[in-house]
Structure formats: structure tokens, C-alpha cells
Amino acid sequence: MTLLDKLLQLLVAVAVFAAVMGVVLLVANRARGRRTDLVSGIAFTAPALLLLLIGLLYPATRTVVQSFLDARSAGFVGLDNYIRIFTQPDLVVVLRNTLLWVVITPILSTAIGLVYAVLVDRTRFEAFAKALIFLPMAISFVGAAIIWKFVYEYRPNQQNIQQIGLLNQFIVWLGFEPMNFILATPWNNLLLIVVMIWIQAGFAMTVLSAAIKAIPSDIIEAARLDGVGGLRLFFYITLPSIRPAVVVVVTAISIAVLKVFDIVRTMTGGQFGTSVVANEFYVQSFRLSDLGMGSALAMILFILVVPIVVYNVRQMRKVDA
Amino acid sequence: MTVLSTEDTAAAGSDIVAAATSPSAAAKKGLTSPWASIAALVIAVLWTLPTFGLFLSSFRPERDVQRTGWWTFFTNPNITFDNYAEVLFGGNQPLIDFFANSILITIPAVAIPIILATMAAYGFAWTKFPMRDTLFVAIFALQIVPLQVALLPLLEIFVGTGLNGTFWTVWIAHSTFALPLAIFLLHNSMREIPAELVEAARVDGAGHVRIFTTIMVPLMKPAIAAFAVFQFLWVWNDLLVALVFAGGTLDVAPLTVRLANLAGERGSNWYLLAPGAFVAIVVPLVVFLALQRYFVRGLLAGSVKG
């Protein structure tokens, strides 16, 4: 395809979309009298609802069914796919890794984001300092993975060719032998998790910083009059005041972490014991063409997200009440 | 020095009272300032150095990149643009083609869901029809469906319609997946528009389409911009949807797919990978820096959802 063909496709798409929207608005505009609200309401919401039905709801239902079918969606196998996920050794490793990711990433990203937000708050360089931590959010997971792969890069100790990865160079400077970090199971999982923490800390910092600035100053003054200061003020006043924001941040990062796939795929392809559920979903579905297993892994992702969301909604209710 | 300067500002600033009563300023005192400044500095360096290293490497000659660390640049500075030229235009899979694909994917994949979601948000916020609230809650709930759950059957549908391997699949998929969050966020901010405004327009004889186009859309611009930045970053940086629907072909695949493949190839060619990564990073970075305030606003609005 030449660029011209591609541009033509784009123009056709724009024209088709504009035509459909034009018709929809025309229909909404024609409605008069008692049925105005009904007709316009349906016209305004129908395109989105239709797309969601075909593109999200129907496929999701189909995935539920497929997760009980065999590799080619031909025969019913009951819970076999799910049982395999929890018993087959290499898949159990995948579950363990996912657990590592979900426990470590939200805690460390939030902690680092919070500490940094407090440290740079109201300093001369606040805006610049925040931007430094915040920028990785604009970088794709693929880009971030490449950046960190370079940090972890390993060269065997030999003449002429020195270490080009920063981490190994530090180890050499300290007088140790360089090592191939990516192959060091299970520690390599932590090296991959670092990339996600690096990306998410900026998000945590931004939200928590806004929450800290929103604490009413009379609360702080009252505490100070009572003689509370320093670290105690942070733990007894600041932290409890921003608790809802912390819950939101931890939840959002947890959900993002569950679905992360790009980092693992780019850095190791899921080899060397580093696969996670989201990556295994891709491997099983598209490399091994096991639709049943792929669907079951997608369902596991969904099942893992639900309790996190339920907990979050409950916390929000508590705050509202 | 950092220690002094930060403390000086806090003390000498015009908002002395505010700074003194700010919880974090107080906590900072408790954390004893020199250590606090050092900790902040360490975090800032850790967060910046990896990117800087790759960036510097992208301008070093091939031989240097493969044999020595980027920090040796300071004792042996060599600069070249050959890496960028080769990765962008050289070989049989020049990155410039994937760059064009990324742009062609992103424009409709941002515009379509925004238009659909703004309209739907208006429908849910300002018109009455049966099942309206039930449908809205259903859309809200759809936010928690990981897109992995929809990918396989959606691919079957696309293969069945013959759309597979074209831009259409990526546009449709991205538009669909963006809708739940977009409708939710835009609905929330649309509800905040005073009802009197809508009532007044109605009295003047304006229909829903007029109210939507002349009152709502202009007032919704900040919220729409916030979501547009979000959606742009999401689509531009996406790998999963692109891999599944666009495949690895030069015809449709975006930058991220090509980069992930480059990174996976044996004996990573860092002198190509480094400039390649920066070509992919630079566009979202520019958009992000230019529209930062919208992005942060969207982030703070979005963070309240589940």
C-alpha cells in the first residue's frame, strides 16, 4: 500500500463516519412534539451503544463461552482450561509472577510518588521536579521497556568491548563480575517490575500532590496548636486526609498492572520465567492458537480486576457516607 | 546547595504562612531537610538518567554504541545523525512508514470515540428515554472489562467481514474500547452545566441538536480536550491492539509494533534501537508537554473512577 492509498482509506473513513453522524443528527432534529426526547435520546446514544454491543459486549460474552471450550473452540471441556492454569507448573509460575507484579508495583509506585510529592511540594523547582517524574507517563510501555533494557544490557567481560548497560557498569566499578540480569530467574521479574514502577510513580505523584494541596489549612493549624508536627503530622493528619486518593491510586495502578503486556513482551517475550497472565494470554491465543486457554486467561484477568474494583467502590461509599 | 535553595524559597516566599501550615512542608521539616533534598534528588536522577542514556546513545556512532557505555561520551565525544537516517529511511522496513501508520491510526481513533461519546453523554445527561439509567450503569460497568476479554471474538468478526489487516479494524477497536470511560467522564462534566441554560434555550425553541451543538460542545471543550490527550497517548502508545489487528505488516502496523520487533531481534542493535525509540517517543512527548494541563485535569477526573 502506498501512502496515497492509506490517505484515501482515511478519507473514506472520515466521509463514512461524517455521513452516519449527519443522518443521526438529522433524525434527532426531525423529532417534534411529545416524542422529541425519546427519538433524540435514542439517536444520540444509539451509535455508541451499538458499537459497544458489537465490539465489547458480544465478544466478552463469547470469550466466557470459549473459555470452556477446547483449543479450536470445537468441543466442550468444562473447567479443564482453568484447572490447567492452576496446576501446570509453567502456568503456575505465570500466576506467581502476576501476583508479584500486583503486590509490588502499586505499593512502591504509590510510596515513591507520595514521598516525592511531599518532598518537592512548595519548593522553587516544584514544577520542573514534577515534570521529570511525570514524563515517563507519556512514553509508551514499549519505549520504556527499551530504555530499561539498555540499563540492564550485559556484555561478557572481554577486551575492547566494555559494558554498555549502566547497571552492569556500576557492578564492574564496584569490582564485581558483570551479570546477565535478564536471565536471573526469579529476580528478573523484579527488574521488569521496576519499569512499571518507573512509569506509574508519576501518576501517583500527580494525584496525591493534588490531594495534599486540597487538605484544608485549618485542620493543619488545629493540629499544630495541639503541638503535632513533623513526621507525626504526616502520619496522623496528612496521610489520613488523603486516604481516599491513596486508595484510588493503588486501585488504578493495580488494574493497569494486571493488564500490562507490552513491557514483558518487549523485554523478555515472557521467556526466562517472566511471563504474566496478560502476556500468556497473547502467547496462548496467537502463538499457540489455543483459543480455549487464551479465553480462560482473559477471564482470569477479568476475575482478578473485579474484587479490586468492588473494594474501591466500597471505599468511595464510605467516604461519601 | 539544593538544600539551601529549597529551604530559602519556602521561608522567603510571599506565602510564608501557607508554606508553614502546609502539611507537606511540615512533614518535610520532620524528615530533616538535607536528607529530604537528597532523597528527592536521588529519585529525580533515577527517573531521568535511563532516558538520558538512551537519548545520548542515539547520537553516537555505531562502533561507539556497541563497544562502550554512553557515559564515555563525555571523555570521547562523537556525534552523528547517521543512526537516525538509517533507522528512518534505510533497510526494507524503514521506520518512517510505521511513523505514517501511527499517525493514520491515531487521528480517527481519537476523533471517532470523542464524537460518539460526546453525543452519547448528551443523550444520557439531557434527554429522557426508557432504560436510560440502566444503560448508563451498564456502560459504567463495562469499564472494568479488560480488553483482552474482547480481543479473540472481535478478531473473528473482523476476519469474517474481510476487514482484517486494514486500518478499519484498529480504528473500530480503539474507538469501541475508549467509549465506556469517555462517556462516563464526559457525562459527569456535562451534568455540571446549569440546567437553566438548557431551559432558556428550550424556551427559545431550540431542539436537542441545537442545544448540543451551540451550548454543550463549546462548554465541554476543556473536558473533551482532557480526554483527547488521554486517548491520543493511549492509541499512540498501544501495542496489544495493533499487534492483534494490524499484524506486523508494513501496511498497517504502527511504530510500537516495529520497535517491539526490533527490540526482540537477536543481539539488539542499540545504535538503531535508540534512535528508533526516540522517534516513537517524541510525538507523545511534545503533545504531552503542550497539553499538560488538560492531561492532568483528565487524570484528576479519571482517578476518581473505579
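Just so we're clear, the structure is a prediction, and the values are computed from it rather than from any experiment. All values below come from the heavy atoms of this structure, side chains included, with hydrogens, waters and symmetry mates left out.
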- Item | Portion of A278(A) that has a non-hydrogen atom of chain B nearer than 4.5 angstrom | both
- Message: Return the CD1 to CE distance between I183(B) and M119(B), rounded to the nearest 0.5 Å.
- Response: 11.0 Å
- Task: Using a cut-off of under 4.5 Å on heavy-atom pairs, state which of L46(B), L142(B), L233(B) scores highest against chain A.
- Result: L142(B)
- Note on the structure: Highest number of heavy-atom pairs under 4.5 Å with chain B among V151(A), V24(A), T45(A) belongs to T45(A)
- A280(B), part contacting chain A, at a heavy-atom distance under 4.5 Å: neither
- Rounded to the nearest 0.5 Å, how far does OG1 of T238(A) lie from CD1 of I219(A)? 10.0 Å
- Considering only heavy atoms, which portion of Y122(B) lies under 4.5 Å from any heavy atom of chain A: side chain, backbone, both, or neither? side chain
- Task: Could you tell me if the ring centre of F281(A) sits under 6.0 Å from that of F261(A)?
- Result: no
- Which bit of Y282(A) is near chain B, if near means a heavy-atom gap under 4.5 Å: side chain, backbone, both or neither? side chain
- Item | Structural part of F150(A) lying under 4.5 Å from a heavy atom of chain B | both
- Query: Is it the side chain or the backbone of E126(A) that comes within 4.5 Å of chain B heavy atoms, both, or neither?
  - Reply: neither
- Donor-acceptor pair, R155(A) side chain versus Q162(A) backbone, under 3.5 Å? no
- Does the side chain of F129(B) come within less than 4.5 Å of D37(A)'s, by heavy atoms? no
- Message: Only pairs of heavy atoms separated by less than 4.5 Å count here; which of T72(B), T48(B), D238(B), L152(B) has the most with chain A?
- Response: L152(B)
- Note on the structure: The interface call for F177(B) against chain A, heavy-atom contacts under 4.5 Å, is side chain
- Side-chain donor/acceptor of W47(B) to backbone N/O of W198(A), under 3.5 Å: yes
- Contacting region of I112(B) [heavy-atom separation from chain A under 4.5 Å]: both
- Item | Heavy-atom proximity to chain A below 4.5 Å, by part of W236(B) | neither
- Is any side-chain heavy atom of I237(A) less than 4.5 Å from a side-chain heavy atom of S241(A)? yes
- Task: Only counting residues at least two apart or in another chain, list the ones meeting side chain to side chain donor-acceptor pair (under 3.5 Å) with Q9(A).
- Result: none
- Item | L135(A) portion near chain B, given a 4.5 angstrom heavy-atom threshold | both
- Query: When you measure from the side chain of T176(B) to the backbone N and O of G55(A), does any donor-acceptor pair fall under 3.5 Å?
  - Reply: no
- Query: In terms of heavy-atom contacts, does CZ of R67(B) have more than 12 from other residues, nucleotides or ligands at under 6.0 Å?
  - Reply: yes
- Task: Indicate the ring-plane relationship of F278(B) and F55(B), choosing parallel, tilted or perpendicular according to the 30° and 60° boundaries.
- Result: perpendicular
- Ion pair present between D121(A) and K213(A), side-chain N to carboxylate O less than 4.0 angstrom? yes
- Message: Please classify the contact between A173(B) and chain A as side chain, backbone, both or neither, with a heavy-atom cut-off of under 4.5 Å.
- Response: neither
- What part of F212(B) gets closer than 4.5 Å to chain A, counting heavy atoms only: side chain, backbone, both or neither? side chain
- Contacting region of F235(A) [heavy-atom separation from chain B under 4.5 Å]: neither
- Item | Working for ring pair (Phe, Tyr, Trp, His ring centres under 6.0 Å), residues F134(A) and F288(B) | CA-CA 10 Å; F134(A) 196 42; F288(B) 177 83; 5.0 Å; yes
- Item | Under 4.5 Å from a heavy atom of chain A, the part of T118(B) involved | neither
- Hey, which of I54(A), V310(A), L258(A), L51(A) has the most heavy atom pairs under 4.5 Å with chain B? L51(A)
- Message: So which residue, G165(A), A145(A), A210(A), A223(A), ends up with the most heavy-atom pairs under 4.5 Å with chain B?
- Response: G165(A)
- Task: Answer with side chain, backbone, both or neither: which region of W148(A) has an atom nearer than 4.5 Å to a non-hydrogen atom of chain B?
- Result: side chain
- Query: What residue in I146(A), T266(A), L38(A), V39(A) has the most heavy-atom pairs under 4.5 Å with chain B?
  - Reply: I146(A)
- Message: Heavy-atom cut-off 4.5 Å, strictly under: side chain, backbone, both or neither for W234(B) against chain A?
- Response: neither
- Count the heavy-atom pairs under 4.5 Å between each of W168(B), F158(B), W126(B) and chain A, then report the option with the highest count. W168(B)
- In this structure, OH of Y271(B) is separated from CG of D64(B) (nearest 0.5 Å) by 13.5 Å
- Validation row: L240(B), L151(B) side chains within 4.5 angstrom (heavy atoms): yes
- Contact origin within S295(A) toward chain B - heavy atom pairs under 4.5 Å: both
- Item | Heavy-atom contact with chain A under 4.5 Å, split by part of L155(B) | side chain
- Task: Using a cut-off of under 4.5 Å on heavy-atom pairs, state which of M267(A), R232(A), E153(A), M137(A) scores highest against chain B.
- Result: E153(A)
- Message: What verdict does the side chain to side chain contact (heavy atoms under 4.5 Å, CB included) test give for R265(A) and V142(A), after you've listed the backbone C-alpha separation in whole Å, the side-chain angles of each residue and the deciding distance to 0.1 Å?
- Response: CA-CA 9 Å; R265(A) 195 191 133 91; V142(A) 175; over 6 Å; no
- Query: Relative to chain A, which of I157(B), I172(B), L135(B), I115(B) shows the most heavy atom pairs under 4.5 Å?
  - Reply: I115(B)
- Task: Under 4.5 Å heavy-atom distance to chain A, tell me which part of F295(B) shows up: side chain, backbone, both or neither.
- Result: side chain
- Message: Below 4.5 Å, heavy-atom pairs only: which of D251(B), L116(B), V244(B), D97(B) has the largest tally toward chain A?
- Response: D251(B)
- Top residue by heavy-atom pair count (under 4.5 Å) with chain B, among L52(A), V305(A), L25(A)? L52(A)
- Message: Can you tell me how far apart CG (N279(A)) and OG1 (T268(A)) are? Round to the nearest 0.5 Å.
- Response: 7.0 Å
- Item | Beyond-backbone contact of R210(B) with R202(B), side-chain heavy atoms, under 4.5 angstrom | no
- Note on the structure: Per-residue tally against chain A (heavy atom, under 4.5 Å) across T256(B), N101(B), I43(B) peaks at I43(B)
- Between L239(B) and chain A, which part of the residue has a heavy atom less than 4.5 Å away: side chain, backbone, both or neither? both
